[in-house]
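This report refers to the structure that appears directly beneath it.
What you see is a predicted model, and the numbers here were worked out from it, not measured in a lab.
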Amino acid sequence: MRRTLGLAVVVGVVAGGLAAGGVPAAAQRGAVVSGTYSSGSAQTWQPLPSTYVGGDQNGPVDATVVVDPSTLRQKYSGVGFSLDETSVSNLWKLTPAERERAVKLLVDPKSGAGFDRFRLTIGSPDLIEHLPFWSYDELPAGVTEDRGLKYFSIRRDVDLHIVDTVKLIQKYNPRATFFASAWSAPAWMKTNNRFTGEVALKPGSTTDYYQVGKLRDDCIDVFAKYYVKYLQAYAKYGIKVDALTLLNEPGIDVVYPAMDISVEQQQKLAVAIKQEVRRAGLHTDLYVHDFNFWDWRDPNSTETKNYYRIFNDPKAEKAADAIAFHPYWGDPTVMRDAFEQFGKPVHMTETSDLSPATILNYFRLDASSYILWAQTTDQDGGTLHWTPARDNNVDWEEVGRTTKWPNRLVTVNTNTKTFTVRDELYAMGQFAKYLGPEHTRVESSATANGISNVVYKDAQDNFVAIVGNSNAAASKVRVTLAGKSFTVTVPANSYATYRWHGDVPSTRHNHAPVLQAAPDVVADQYATTELQLKATDRDNDKLAYYSTDLPGGVSLNGNTLTIHPTVAGVQDIKVRVTDGAAHDEITVHVTTRPHGAPVGETVEAESYVAQHGWTDGGANFIESNPAASGGKNVGWTAPGNWLQYRVDIAQAGTYNLELRVANGTGAPAPDAISVRDGTDQTLTKATVPDTGGWGNYQSITTQLTLPAGDQLITVYCETGGFNLDYLRLTS
C-alpha cells in the first residue's frame, strides 16, 4: 500500500564546515529546534537547549523517532475538562483573585497549561453539588407537556456560575472552544416521566439491569428543538457551543440522570438535530455515541450495544460529524478503527485518566480531543451525586454526604480559599500549550526503549513533537524527517515538546520507495529472531524504516526487525519505509510457539495459559492501559480468580518473584495474592499496597522455591481490588 501527499519544498541544510561552493555551512543550517519540558511540579514548561535540523552527529542514541509527513491523520481539537456543576461550585468558593489565578493557570496558553476544549452539560448530570437535578424545561404544577418549549430556561446555569466560568475561561484563552452533552431529556419527554434514571432487572437475571426511562417516539423532534434552544440561549451570552453529543451514555443502567434511546431513535434524533440546527442558521457539529469503546463495536459479544449500527442509516451517517468515546470499558484501538472505517473525527469526551501517557496514546489512536470529567473537588472530595447503586429510591442527600472523589486535578481548600493542582497538569500542558486547530497529526514511529511520541504539523510545515521519557535517566533521542535529523536529550520522567520548521519534500516527480515482501516468521516464545528489511528507491532518497505499533518484545532499529515474542500465537506486524513524500508498507506474519518463561524474563499478565473467574474477551478482564508494560493489564480481580503461567526453571532453587501491581481502592490489600505450584500448594503470599491509582504501578517482591524444569505456576487472587501488569522471576 502506498500513499503520497503533495507538500511544499523547503531548502535543505549542510551542518558544519563549508558547503559546496565554499559557502559557510552555518549560513545553510537547518531550522532551529526549540523545546520545553515538564517533570512534575519542580520543572514546569522549562526551556531546553536549542539545536538545529541537520545538527545530528550520527552518534549512538537511546531511541529514534521517525516522522512521516506522507501520512496525515486527524486534526487537533483540544485538551480540557468538564464544567460540571460540582467543579464550577468549588471554583466559586475561592476568593475572586484566587479563582482568576486558578483559571489562568489552567487555560492561559502563555503562562498556564493552555487547556482549550471544555464540556458543558445540557441540564444537570450526576456531578452536581446542589439538588435537585434539573432540565431546562421543568413544568409547573398542572402542566403535563410543553411542545412549544415555553418554559425553557438556562437560569440555573446563570445562577450557579456556569456561564460566569465560561466567560472567565474566554478571558484567559480566547481560542477556547465548547461542546455540550445532555444526560436526559426533560421528564415529560420520556416514557416514565422521570428525569433521573430508573432501572429494572433484565428478565431472568438477578444482577443485570436495563434503563427503564426511554425517549418518547413522539418527542424526538421536540427534543431536537430543545437542543437548539440551548445553543441559542448560550449564544446570547457570547458563548458559541460548536458541537453537541447525541446523548451522554445512552441506555446506561443508572439511577442518576440518564435515558435510553434505541439505535433507531438515535438515527432519527441525529437527523432531526441537524435539521433544526440548519433551520436556526447555526453551524454546530453533532457527535454520536458518547459512550465506551466497548459499546461502539464488539463483533464477538451480544452484550455490548454495538452502537456503530447507527451508521446503517445513510441519513444518520451523513448527519453525524464525529464519534465520541468514553474509556471505561473496552479497547481504545476502536477509535482508530472507527476513524478509518467512517472517515469521521473521533473524540475522547469524558475520562478521569490524568496520565499524559494515555493522552499521547489516544492521540496516536486518532483522537482529536481529550476531555477530563469532573476535575475540581474540595479537600474532602467534594459534594456530588454520583452513585453506582441500582436503587430507584436512593437517598440523594445521603449520596451527596458520603460519595467523595478526592485528589482530582484541582483541589479547592474551602477553609483557606486556596487551591492546589496535581503534577499531571504540567505534562498535559506540554500538549495543550503548543497545539492548536491548525495542527494535523502525522504518522510517526512506535514507542521504543521507554520513549514515546506524537507529532503534528501545520499547513506551513511547522512541526510539533511531544516526546515522553518514562525512563529514570535522561535519554538521547534522534528525530528524523525526510533524510534529515537532529538529536535531543529528553530529561528523565518527563514530557518534552519540540518545535521546528520541517524540510518536507514534494511529491512532484517523486517515486515512492518499495519495501520488499518479508517471509513468514516462526519463532519460539522468549527467544530472539532477527529479520532484515529491504527497500529500494528509484530516486536514491534516504529512507527510514518504522512501525506505528509494535507488540511487546518486538523492536525495529534501522532496517532490522528484532522479534522476541512474549505472547504465544499468531500476530501480524506492519512495517513501513518512507522517504518523507511517500511510503510503502508490508505485513510480517509471525507464528510464536509457546515456551516457558526463563528466569529473568518479564511475563506479561495477559500471557496466561489458563485462567478462572473472568470472561475471555470480556471488557472487564484484559484492560488497555498505556501506563502498563505492553500497554495492557489484567483488571477486575476478585477472590477466587486465578491466572496460570508457564515458566522454565534451569536449576532448582529459591527465586525472587516481582509482581507489578496497581491498587486504586485507597487501602492496602493484605495477602491479596498467593502463588501456587502445579499441585495447588501455596508457595508464597504477597500484600498489595495502596499505589494511589489503577495506573500507578509498583513492584512488590516475594520469594518462592521451585524445582527445575518447564512447569506451571498459578497467581491466585485471595482478594480482589488490584490490577496485575506483569511478573518476573530473578535469581
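- Of the possible polar contacts, none joining the T376 side chain to the V410 backbone as a donor-acceptor pair under 3.5 Å is found.
- Without hydrogens or angle criteria, N306 side chain to D298 main chain gives a donor-acceptor distance under 3.5 Å.
- When all heavy atoms are compared, the tightest approach of K476 to V61 is O-CB, 3.5 Å.
- Screening residues 621-630 for salt bridge (charged side-chain N to carboxylate O under 4.0 Å, His left out) gives no qualifying pairs among residues at least two apart or on separate chains.
- The aromatic rings of Y287 and F179 sit tilted relative to each other, their planes meeting at an angle between 30° and 60°.
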Q | Criterion side-chain contact (heavy atoms from CB on, under 4.5 Å) on Q74 and Y456, from CA distance to verdict | A | CA-CA 9 Å; Q74 81 276 20; Y456 293 80; 4.1 Å; yes

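- Atom NZ of K167 has more than 12 neighbouring heavy atoms from other residues, nucleotides or ligands inside a 6.0 Å radius.
- For R364 (side chain) and V454 (main-chain N/O), no donor-acceptor pair under 3.5 Å exists by modelled atom type.
- Ring planes of Y362 and F293: perpendicular class, angle over 60° (limits at 30 and 60°).
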Q: Evaluate side-chain hydrogen bond (donor to acceptor under 3.5 Å, both in side chains) for R408 paired with N90, printing each intermediate quantity in order.
A: CA-CA 12 Å; R408 308 297 277 184; N90 281 299; over 6 Å; no

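- No donor-acceptor pair closer than 3.5 Å links the side chain of N292 to the backbone N or O of D295.
- If you look at F291 and W329, their ring centroids are not closer than 6.0 Å.
- At least one side-chain heavy atom of L83 sits less than 4.5 Å from a side-chain heavy atom of I169.
- Using a distance-only test at 3.5 Å, with no hydrogens or angles considered, no donor-acceptor pair links the side chain of E98 to the main chain of T418.
- Taking the ring pair (Phe, Tyr, Trp, His ring centres under 6.0 Å) definition, one finds that Y426 meets it with W45, sequence neighbours left out.
- Contact of the P437 side chain with the R175 side chain is registered, since non-hydrogen atoms from C-beta on lie closer than 4.5 Å.
- Considering all non-hydrogen atoms of both residues, S369 and H347 come closest at OG-ND1, 2.8 Å.
- Heavy-atom contacts from other residues, nucleotides or ligands closer than 6.0 Å to NZ of K574 number 12 or fewer.
- Two residues are said to be in side-chain contact when any heavy atoms from C-beta on lie closer than 4.5 Å; K457 and V67 fail this criterion.
- Annotation: side chain of F621 is in contact with side chain of V634 (closest heavy-atom distance under 4.5 Å).
- Within the 3.5 Å criterion, the main-chain N or O of W373 finds a donor-acceptor partner in the side chain of Q375.
- Taking every heavy atom of both residues into account, A31 and H501 meet most closely at CB-O, 3.3 Å.
- Here the shortest heavy-atom pairing between A432 and A113 reads CB-O, 3.4 Å.
- No side-chain heavy atom of D378 sits under 4.5 Å from any side-chain heavy atom of N413.
- Using a 4.5 Å heavy-atom threshold, the side chains of S82 and E350 count as separate.
- Ring geometry for F311 against F342 counts as perpendicular: the plane angle is over 60°, on a 0 to 90° scale with 30° as the lower cut.
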Q: Begin with the C-alpha distance, continue with both residues' side-chain angles, and end with the deciding distance and a verdict on salt bridge (charged side-chain N to carboxylate O under 4.0 Å, His left out) for D68 and R73.
A: CA-CA 11 Å; D68 185 4; R73 301 297 293 187; over 6 Å; no

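- Side-chain contact check for V575 versus Y545: every heavy-atom pair is 4.5 Å or farther apart.
- Rounding to the nearest 0.5 angstrom, the gap separating the CD1 atom in I573 from the CG atom in D549 is 11.0 Å.
- Exactly one residue among V488, V66, V65, T64 makes a side chain to side chain contact (heavy atoms under 4.5 Å, CB included) with R478. That residue is T64.
- Considering all non-hydrogen atoms of both residues, P125 and W183 come closest at CB-CE2, 3.4 Å.
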**Q.** D116/Y76 under side-chain hydrogen bond (donor to acceptor under 3.5 Å, both in side chains): CA gap, chis, key distance, verdict
**A.** CA-CA 11 Å; D116 51 359; Y76 171 82; 3.2 Å; yes

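- I162 places a side-chain heavy atom less than 4.5 Å from the side chain of Y234.
- R441 places a side-chain N or O within donor-acceptor distance of the main-chain N or O of F363, the cut-off being under 3.5 Å.
- A search for salt bridge (charged side-chain N to carboxylate O under 4.0 Å, His left out) contacts involving R117 returns D242, not counting sequence neighbours.
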Report, one line per pair, each donor and acceptor closer than 3.5 Å where one atom sits in a side chain of residues 102-112; sequence neighbours left out.
{"unit_1": "D108", "atom_1": "OD1", "unit_2": "K110", "atom_2": "N", "d": "2.7"}
{"unit_1": "D108", "atom_1": "OD1", "unit_2": "S111", "atom_2": "N", "d": "3.2"}

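- Among all heavy-atom pairs drawn from F463 and P69, the shortest one is CZ-CB, 4.1 Å.
- Partners of H161 under the ring pair (Phe, Tyr, Trp, His ring centres under 6.0 Å) rule, at least two apart in sequence or in another chain, are W92.
- A donor-acceptor pair under 3.5 Å is absent between the side-chain atoms of T349 and the main chain of D290, judged by distance alone.
- Of the N and O atoms on the side chains of Y434 and T36, at least one donor lies less than 3.5 Å from an acceptor on the other residue.
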Q) Are L372 and L354 close enough, and set up right, to give a side-chain contact (heavy atoms from CB on, under 4.5 Å), and what steps lead you there? A) CA-CA 8 Å; L372 296 164; L354 297 173; 3.6 Å; yes

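- The distance from atom NZ of K344 to atom OG of S368, rounded to the nearest 0.5 Å, is 13.0 Å.
- Going from atom OG of S494 over to atom CG of L48 covers 7.5 Å, rounded to the nearest 0.5 Å.
- There is no side-chain donor-acceptor pair under 3.5 Å between T548 and E443.
- N449 places no side-chain N or O within 3.5 Å of a backbone atom of A63 that could act as its donor or acceptor partner.
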**Q.** Intermediate values then yes/no, side-chain hydrogen bond (donor to acceptor under 3.5 Å, both in side chains), T333 and D331
**A.** CA-CA 5 Å; T333 58; D331 188 335; 3.0 Å; yes

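- Close placement of the F118 and F81 rings is indicated, their centers lying within 6.0 Å of each other.
- N723 CG to Y697 OH: the interatomic distance, rounded to the nearest 0.5 Å, is 4.5 Å.
- Between atom CD1 of residue I371 and atom NE2 of residue H326 there is a gap of 10.5 Å, rounded to the nearest 0.5 Å.
- Listed by chain and number, the residues in a salt bridge (charged side-chain N to carboxylate O under 4.0 Å, His left out) with R660 amount to none (sequence neighbours excluded).
- Interatomic distance, CE of M428 versus OH of Y370, reported as 6.5 Å (0.5 Å rounding).
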Q: Applying side-chain hydrogen bond (donor to acceptor under 3.5 Å, both in side chains), run through D353 and T351 and close with a yes or a no.
A: CA-CA 6 Å; D353 190 342; T351 176; 5.3 Å; no

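- Not one N or O on the side chain of Y495 forms a donor-acceptor pair closer than 3.5 Å with the backbone of L360.
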